[in-house]
**Q** 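Dropping the structure in here first, questions after.
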Amino acid sequence: MEIKLEDIGGERFDKLVERSFFQATVNDGKYVMHDLIRELAIAVSRKEEFYYVNCLDNKISDVITRHMGINSDGSNEEEISPICTNLRTMILFGNWIKYTGESIRNIFGKSNGLRLLDLSYIAIKESGPRPGFLDSVLSHNEIKEIATVDAICRHSHLRYVDLSFSGIEFIPNEFCELYHLQVLDVRGCNLIRLPEKMNELINLRHLYASAETLSLIYGIGKLTNLQELKEFRIGESDGHRISELRDMNEISGHLLLTNLTNVPNKEEAATCQLVKKRYLKSLELAFLHKVDKSVPSWHGRLELEVLEALKPYHSVERLTIRGGRGGFLPGWMWSTQSAFSNYLKYIVVNDFSLTTLPAFGELPSLEVLRFMGLYNLEMVGDEFYGRSDVVFPSLKELQFSGMAILRTWSDAPAEKKSFPVLKKFDLDCNDSVEMPTNIFTSSVVEFTLVSLFGQFNNIETILQRMPHLTHLRITTFCNDLKINCTGLKFLEVLSLKNARQILLVRGLKSLVNLRKLDIEGFNEILEEEVENDGTCQKNQFLTSLNLNYLSSSHQGYCGILPLPGRLGYLRSLSIRDSPVTKYTEEEGSWFSQLTSLETLKFSGCMELRGLPSTIPLLTKLKKLTIEFCRKISSLPESGMPPYLTELYITDCSDELVRRCQPEPDQGEDW
């Protein structure tokens, strides 16, 4: 396949990241430049026609300056004289709300060779009536918006225009004469209309806009150079049909097709020619823009024919199908005779009225499989696993949720190697279904189980098959839940919620690697110990426990404080819905040994009248949250931790809020 300009640019950018010219941030896709690197870049580039100023008072050389950035603090309201007639790049930063449209236009208005213009986030328009209507008097903001956008239209050489989050609400017809434009960004702009000739921007490669804005473009299919189209809402009228996608074969990345119910037959579905879109990596097919089960169902055969006609090119690795009412999935999605299915790595089927599951177990590259909202599925049969010697050979994550009427679940064939690399299994199932056991293999490290009243007759067998579990989460309203802790020596996170009684065989002392404990909404927890003579003895939770390395504990309504053992490494503790009215001296002493605790939260403790008096001894505590504890009227008289930096009080007594008020009405506890 042809190498795109975007790919070449991406490779060069990655090299700059590798050399620390740019640094990745915690936000995906966001990068920053170190201050020293930035200062060096500014110093070097100033000699090479680049210029960056913090205000408009600086003298700028019109002879050499080609690329300019200007930062404004919004304090200057004077008109700006035209500057720099030879600009190629102009980027505005900061607050420009006080400047008139004439001022902004003067900054770049005389630069006839301008190629890049970035006016993002500068608040061209704050608020006011929408422009374009025959109002008798135009507001300052409207005049400013019209003057600024009209000025842009005069620069016929523009390749890149960024108006994102600038507040504009319209684009004039003259804008469509920017025939060289390759990138247009209008994200965050509430555009109420687009020009009819928007589809004449035939060199446009990237159009960053909301789905609502994209749906306003008539005949978007003429924009054949577009490299990405995040969402296409299929309409019933000309200019918005699925056939608009026919020649848009440069689309790459992710594509979402919504409103497939507007496709009348398989012939029209085939006109979009997804099979020719070789750069697509992710495809989502949605029959309803908004999930609504009250919408009348299609005829099943027609829906399946449409899906069969939407077979994509085998470059697609991620596939999502949702909102279907037909009951069947297309053969190209799961059949090994289809070259496409051999490349699939990620499949999601959501809110789909499937009655049976096809042979996904044969897909050689599938790594993630999620089923959500399969409200008509009654049985998972043998066909789900397929006929291959290895069942789901590459699958790492499996999820089943929202299967309201599932009654039967066939187990994976014992004579075959099944789920050899499965790491994560999430199951939200009907109460009456018995879970298969062969799905659970020694490779699984995370298991989440949600079932309202399931009795989990085979839960012990299942857990024994997963000796390397590190994360176990179980939510159920069953009367009793029995868990054998003996084989869970690698467990780091344990979450048990809402079971009326929990029986822990061998006790939590077997969980030597436990780091986080989340227990909530139960009436009783028992530990079962096996004596030397083989008899079992049940003790109240907890009698002997060594959780020296526990780092996070979230406790619900259980009244189990204090946790026995020294928890010197515990960093986070949350106590929810506790019926305790006052902490005893013993319990207060237990709090004092939490020497590493950094975050403490009391939530929904409706009867609690005061915090532990030993809280000041928590020398590393930085954040304290008290919420929905309406009988606490003051903080401890002994004071607060010395390094506490955050205190949150939400929906508590007025007296507590008053006592914690800062100046000028300083409360007693402040």
Side-chain angles (χ1 to χ4, degrees), residues 380 398-400 406-414 418-419 422-514 516-545 547 558:
V380 177
L398 178 62
Q399 177 182 352
F400 283 89
L406 184 65
R407 297 290 183 269
T408 306
W409 193 333
S410 298
D411 208 342
S418 302
F419 303 92
L422 186 64
K423 299 295 184 184
K424 184 177 180 180
F425 189 12
D426 292 347
L427 178 59
D428 182 352
C429 63
N430 183 279
D431 299 329
S432 61
V433 66
E434 183 172 346
M435 292 179 292
T437 57
N438 292 337
I439 292 180
F440 302 94
T441 64
S442 59
S443 62
V444 177
V445 294
E446 292 190 37
F447 178 47
T448 300
L449 177 61
V450 178
S451 183
L452 292 182
F453 299 101
Q455 296 305 307
F456 305 132
N457 295 326
N458 57 347
I459 186 68
E460 288 191 73
T461 303
I462 289 173
L463 293 179
Q464 289 174 3
R465 294 180 60 87
M466 299 183 290
H468 297 100
L469 268 184
T470 59
H471 293 67
L472 174 60
R473 304 177 181 91
I474 298 179
T475 301
T476 177
F477 287 95
C478 67
N479 290 326
D480 55 87
L481 175 63
K482 185 177 181 180
I483 296 178
N484 192 334
C485 301
T486 307
L488 303 177
K489 60 182 180 180
F490 295 103
L491 199 65
E492 298 178 4
V493 176
L494 176 61
S495 174
L496 305 173
K497 296 184 179 181
N498 299 332
R500 290 171 175 80
Q501 184 186 83
I502 299 176
L503 177 60
L504 302 173
V505 179
R506 294 290 187 183
L508 288 182
K509 67 180 181 181
S510 302
L511 308 180
V512 293
N513 287 297
L514 195 64
K516 180 177 179 180
L517 178 62
D518 188 351
I519 43 184
E520 178 182 343
F522 49 83
N523 294 330
E524 186 179 28
I525 295 184
L526 300 175
E527 288 184 314
E528 182 178 272
E529 294 289 348
V530 180
E531 305 295 339
N532 294 331
D533 58 2
T535 60
C536 295
Q537 179 180 352
K538 295 181 181 180
N539 303 313
Q540 190 71 29
F541 183 76
L542 298 152
T543 57
S544 57
L545 177 62
L547 297 179
C558 55

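From a predicted model like this one, the values you see are computed outputs, not experimental measurements.
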**Q** To the nearest 0.5 angstrom, please state how far the NZ atom of Lys489 sits from the CG atom of Leu469.
**A**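 That separation rounds to 13.0 Å.
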**Q** Ring-plane angle category for Phe425 and Phe400, please: parallel below 30°, perpendicular beyond 60°, tilted otherwise.
**A**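 Rings of Phe425 and Phe400: perpendicular, over 60°.
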**Q** Please name all residues satisfying side-chain hydrogen bond (donor to acceptor under 3.5 Å, both in side chains) with Ser418, sequence neighbours left out, ordered by chain then number.
**A**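 If we apply the side-chain hydrogen bond (donor to acceptor under 3.5 Å, both in side chains) test to Ser418, skipping adjacent residues, there are no hits.
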**Q** Are the side chains of Thr476 and Val450 in contact, using a 4.5 Å heavy-atom criterion?
**A**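 No, every pair of side-chain atoms sits at 4.5 Å or beyond.
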**Q** Please name the pair of heavy atoms, one in His468 and one in Val445, separated by the smallest distance, quoted to 0.1 Å.
**A**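 That closest heavy-atom pairing would be O-CG1, 3.6 Å.
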**Q** So how far is it from Met435 CE to Leu449 CG, rounded to the nearest 0.5 Å?
**A**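 One finds 5.0 Å between CE of Met435 and CG of Leu449.
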**Q** So which of Thr470, Val512, Leu511 actually passes side chain to side chain contact (heavy atoms under 4.5 Å, CB included) with Leu491?
**A**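 So the option named by the test is Leu511.
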**Q** Rounded to the nearest 0.5 Å, what separates atom OG in Ser451 from atom CG in Asp428?
**A**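 Reported to 0.5 Å precision, the distance equals 7.5 Å.
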**Q** Using modelled atom types and a 3.5 Å cut-off, is there a donor and acceptor pairing between side-chain atoms of Asn438 and backbone atoms of Ala412?
**A**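 Answer holds: yes.
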**Q** Would you say Glu460 and Lys482 make side-chain contact, with heavy atoms under 4.5 Å?
**A**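 Sidechains of Lys482 and Glu460: in contact.
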**Q** Show your reasoning for whether side-chain contact (heavy atoms from CB on, under 4.5 Å) applies to Ile439 and Trp409.
**A** CA-CA 11 Å; Ile439 292 180; Trp409 193 333; 3.7 Å; yes
**Q** With a 4.5 Å limit on heavy-atom distance, are the side chains of Arg473 and Glu446 in contact?
**A**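 Yes, at least one pair of side-chain atoms sits under 4.5 Å.
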**Q** Quick one: list whatever passes ring pair (Phe, Tyr, Trp, His ring centres under 6.0 Å) with His471, sequence neighbours left out.
**A**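 Result, ring pair (Phe, Tyr, Trp, His ring centres under 6.0 Å) vs His471: none returned.
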**Q** Is the backbone N or O of Phe440 less than 3.5 Å from a side-chain atom of Arg465, with the two atoms forming a donor-acceptor pair by type?
**A**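 Looks like yes, one N/O pair under 3.5 Å.
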**Q** What is the distance from atom CG of Leu427 to atom CZ of Phe447, rounded to the nearest 0.5 Å?
**A**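 If we round to the nearest 0.5 Å, Leu427:CG and Phe447:CZ are 5.5 Å apart.
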**Q** Where the side chain of Ser443 meets the backbone of Leu422, is there a donor-acceptor pair that is under 3.5 Å apart?
**A**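 Such a contact is found between Ser443 side chain and Leu422 backbone.
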**Q** I want to check something: taking the side chain as every heavy atom from C-beta on, are Ile483 and Leu496 in contact at a cut-off of under 4.5 Å?
**A**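 Yes, side chains in contact.
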**Q** Does one side chain, of Thr437 or Asp411, offer a donor that lies under 3.5 Å from an acceptor on the other?
**A**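 Distance-only check passes for Thr437 and Asp411.
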**Q** Would you say Leu472 and Leu463 make side-chain contact, with heavy atoms under 4.5 Å?
**A**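 When only atoms from C-beta onward are counted, Leu463 and Leu472 do touch, with a gap below 4.5 Å.
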**Q** Listed by chain and number, what are the ring pair (Phe, Tyr, Trp, His ring centres under 6.0 Å) partners of Phe419, not counting sequence neighbours?
**A**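 By the ring pair (Phe, Tyr, Trp, His ring centres under 6.0 Å) rule, Phe419 matches Phe392.
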